[in-house]
Amino acid sequence: MKLLLRILIPGILLSACTTEYDICIYGGTSAGVIAARSAALAGHKVVIVEPSGHIGGLTTGGLGRTDIGNKQVVQGLSRQFYRDLGTRYGRLESWVFEPKAAAEIYQGYLDHPGITVLRQTGLKALEMDGSRIVSMRTVRLTPEGEVKGRGPVIKAQVFIDASYEGDLLPAAGVSYAVGRESADTYGESWNGSHLSRYHQFPDGVDPYLVPGDPASGLLPGISAGEAEEGAGDSLLQAYNLRLCLTDSLENRIPLSRPEGYDSTRFELLARLIAAQPADTSYFIWSPMPGRKTDVNNFGAVSTDMIGGNAGYLEASYAGRYQIYKAHSDYTLELLWFMMTDSRVPEGLREEFSRWGLPKDEYIASDHWTPQLYVREGRRMVSDYVATQADCEGLTQVPDYIGYAAYKMDSHNCRRVVIDGGVKNEGDVEINIPGPWPIAYRSIVPAAGECTNLVVPVAVSASHIAFGSIRMEPVFMTLGQVASLAAGIAIERGIPVQEVPAEEIREAIASDPLQDGSVPDIFIDDSALEVPDGWARIKSKRGYGPSYLETGAPGATMVFTTTVPHPGRYAVYSYLNLVDDVEPVTTYRIGDREVTVNAREVPLDGQMKGDWAPLGEFEIGDSVTVTLTGGASGKPLRADCILLVRRDG
């Protein structure tokens, strides 16, 4: 950013308006909120510095259909957030939710005497004493990112960069990368430039202002560059807005013609529609509670403003706002085009016209999301860089502190001309074998660089590995990790690089909510022997990396474990909610039997499975749950049993 300055000082040189905290968190993202909650629960005095007026990042910004990959990787306070949403929606957990629901829960977290939130406050400079941040100089900002005055000087013992952009990295002199490494940099077959069949133009869509005339020039947004497979560059995958719309007549504000609307801006989309007249898939419409949507990009031309993020990372706050505004204008004009342009098939126009802005969302920003989806910003380069090999389970990571589980994923980065037609370039969607460990070294700077900075979002990873990490639940998990690491560093007076990763893992395992409550008990299939007639299947459809399966009608599986804290527990079974498995299962716990029909368990979110409640039970120092399949003849799956303490 143009505002960033790194000021080296020989000693402690602070202004009279200095405020002191234990931990300073830059960025009010989901990771920032959870980091602050964790710090406050640990008794620390903490401040969040957020340049915009929006708190919660994408989680409150419209991404209501959570990208997960695998629920097992979501730990601690991150998991509790989805439990709190579940309480609101009448289930154990909810991974699909309205923005206002997430915002209300986050605000409840932040209503703590140990937490201060400074909205519309930006970074001016970091004051450094060698490799240690002493304080952060800030500026006050308008909603449009213009500087309107000095902010406080914030002194803290540890700083956490929870921003999507990674703004503290250059300010603290920490090594970082931007864009795509070449395939050769880390030996990754899926990094660098790639042409994909997904979100792609069919052959023959003309890229020129005058069709067939290269001399007329290219349509806006198309690059004259070449797409060399595997080549690296500084391009960022496309940003967009995740849209919360509604078709509820009582709650809908109809969309109106955007000021300055020009249909010629969508000439490329019009040509795409003409080239595939039978295709009606231009957005991903994910239903939300309250008759709302989470709308995301789909297809060759959609909500992704490919190339629109150029210059974003180095722009001033005002410059970043203008890039957000350009994305916002593009999206509103795109909706209007799909609603009204005669080149759009009538059925599509009618479908788009059903939707409007929800009256009960984003009241402060005219019912429109204020959050740009910054899919990728700077990425720290530390002593451990996560790569494709990590995603593929080919590495050993002894200092792991969390897991990623999403596929290797990148949205398109640019549009190019190939064989006389336009093509999108940069999309990658490659499945991974299962959850993979994230190194503690990936969230702290390299040895010799900043010693009191933790980075839970702009982590040390290659472009393609970051695409597997960059999901909101993982960022929240890493936010708690960052806070716990900061606490240990403060308590012992050591650099963050010296914090033992195993102590962080143990802290989350033994007290995941940091309130002394009894942790959940999971009896996963991975802890069971595989009986005769059963097979362990590695699949992303299960809870964790696998489940057990048998084709024998009426087969049984026994889950058993010790219970460190006897008492009353709610018991759940994780069911694969797909059509090709046995739907009816019976569970015996003690002297009670419970029968569950998977067809009656509502599916929530991306995963093809969910928790089915079996009831509440008084449980002693051990528990045995016996699962018996029905007689449909379909395969029976046994995956995981969960016990949640209900009596304190």
Side-chain angles (χ1 to χ4, degrees), residues 31 67-70 73 161 164-166 169 174-196 228-237 313 374-413 425-449 454-471 473-475 477-478 481-482 497 501 538 540 545:
D67 296 312
I68 310 168
N70 195 300
V73 308
D161 186 344
Y164 294 122
E165 296 84 0
L169 300 179
V174 172
S175 302
Y176 65 91
V178 173
R180 303 179 288 185
E181 297 91 351
S182 73
D184 294 335
T185 303
Y186 297 114
E188 298 172 298
S189 58
W190 291 110
N191 211 337
S193 174
H194 282 282
L195 287 173
S196 169
E228 178 186 349
E229 189 76 3
D233 53 39
S234 60
L235 298 179
L236 298 168
Q237 59 178 305
L313 292 177
V374 178
R375 289 192 171 94
E376 189 170 2
R378 300 178 183 90
R379 302 184 310 278
M380 183 167 60
V381 178
S382 189
D383 287 335
Y384 193 93
V385 179
T387 67
Q388 180 177 326
D390 292 274
C391 302
E392 294 174 339
L394 302 177
T395 59
Q396 298 294 320
V397 183
D399 61 332
Y400 71 92
I401 35 72
Y403 287 84
Y406 204 67
K407 60 189 175 184
M408 290 182 282
D409 180 82
S410 173
H411 283 236
N412 283 302
C413 300
E425 186 276 306
D427 179 85
V428 178
E429 300 177 50
I430 302 298
N431 288 329
I432 61 175
W436 57 273
I438 300 170
Y440 178 68
R441 286 165 291 166
S442 284
I443 71 166
V444 294
E449 296 191 343
V454 191
V455 186
V457 177
V459 299
S460 181
S462 71
H463 161 71
I464 203 60
F466 186 81
S468 178
I469 294 170
R470 63 172 187 85
M471 304 303 148
V474 175
F475 285 157
T477 297
L478 295 181
V481 168
Q497 289 87 346
K538 289 191 174 183
K540 66 179 183 179

Exercise. Got a second to check how far I401's CD1 is from L478's CG, nearest 0.5 Å?
Worked result: 5.0 Å
For this session: Kindly give the heavy-atom pair with the smallest separation between H411 and R470, and that separation in Å.
Result: CD2-NH2, 3.8 Å
Problem set entry | D161 to L169 - nearest heavy-atom pair and separation | OD2-N, 3.9 Å
For this session: In sequence, state the C-alpha distance, the side-chain angles, and the governing distance for Y384 and D390, and then conclude on side chain to side chain donor-acceptor pair (under 3.5 Å).
Result: CA-CA 11 Å; Y384 193 93; D390 292 274; 2.6 Å; yes
For this session: Output the distance between atom CZ (F466) and atom CE (M380), rounded to the nearest 0.5 Å.
Result: 11.0 Å
Exercise. Do the non-hydrogen side-chain atoms of Q237 and C413 ever get within less than 4.5 Å of each other?
Worked result: yes
Exercise. Does P435 reach the side chain of P545, with side-chain heavy atoms less than 4.5 Å apart?
Worked result: yes
Exercise. With side chains defined as the heavy atoms from C-beta onward, is the minimum distance between I443 and P456 less than 4.5 Å?
Worked result: no
Exercise. Residues two or more places apart in sequence or in another chain: which of them pass salt bridge (charged side-chain N to carboxylate O under 4.0 Å, His left out) with K407?
Worked result: E429
Exercise. Could you walk me through whether I438 and I469 pass the side chain to side chain contact (heavy atoms under 4.5 Å, CB included) check?
Worked result: CA-CA 8 Å; I438 300 170; I469 294 170; 4.3 Å; yes
Exercise. Which heavy atom in A501 sits nearest to a heavy atom in Y400, and how many Å separate them?
Worked result: CB-O, 4.4 Å
Problem set entry | OG on S182 to CG on D233, rounded to 0.5 Å | 10.0 Å
Exercise. Going by distance alone, is a donor N or O of one side chain under 3.5 Å from an acceptor N or O of the other, for E229 and H194?
Worked result: yes
Problem set entry | Pairwise distance CD1(I464) to OH(Y186) - rounded to 0.5 angstrom | 13.5 Å
Problem set entry | Minimum-distance pair of heavy atoms, taken over all atoms of G166 and A458 | CA-CB, 3.8 Å
Exercise. Looking at CD of E165 and CD of E376, how far apart are the two atoms once the value is rounded to the nearest 0.5 Å?
Worked result: 12.5 Å
Seminar exercise, completed: Heavy atoms of S460 and S382 approach each other most closely as OG-N, 2.9 Å
For this session: For the pair S193 and E228, evaluate side chain to side chain contact (heavy atoms under 4.5 Å, CB included) and give the outcome as yes or no after the intermediate values.
Result: CA-CA 6 Å; S193 174; E228 178 186 349; 5.7 Å; no
Problem set entry | Atom pair OG1 (T387) and CG (L394), whose distance is rounded to the nearest 0.5 Å | 8.5 Å
Exercise. After noting the C-alpha distance and the side-chain angles of L313 and L236, does the key distance pass the side chain to side chain contact (heavy atoms under 4.5 Å, CB included) rule?
Worked result: CA-CA 10 Å; L313 292 177; L236 298 168; 4.1 Å; yes
For this session: Please identify each residue that fulfils side chain to side chain donor-acceptor pair (under 3.5 Å) with S410, with sequence neighbours left out.
Result: H463
Problem set entry | Atom of F475, atom of A31 and distance for their closest heavy-atom approach | O-CB, 3.3 Å
Problem set entry | Side chains of K538 and P433 in contact at under 4.5 Å (non-hydrogen atoms) | no
Problem set entry | Presence of salt bridge, D383 and R441, under 4.0 angstrom | no
For this session: Give the C-alpha distance, both sets of side-chain angles, the deciding distance and a yes or no for side chain to side chain donor-acceptor pair (under 3.5 Å) between S462 and Q388.
Result: CA-CA 8 Å; S462 71; Q388 180 177 326; over 6 Å; no
Exercise. Salt-bridged, E181 to R379, with N to O below 4.0 Å?
Worked result: yes
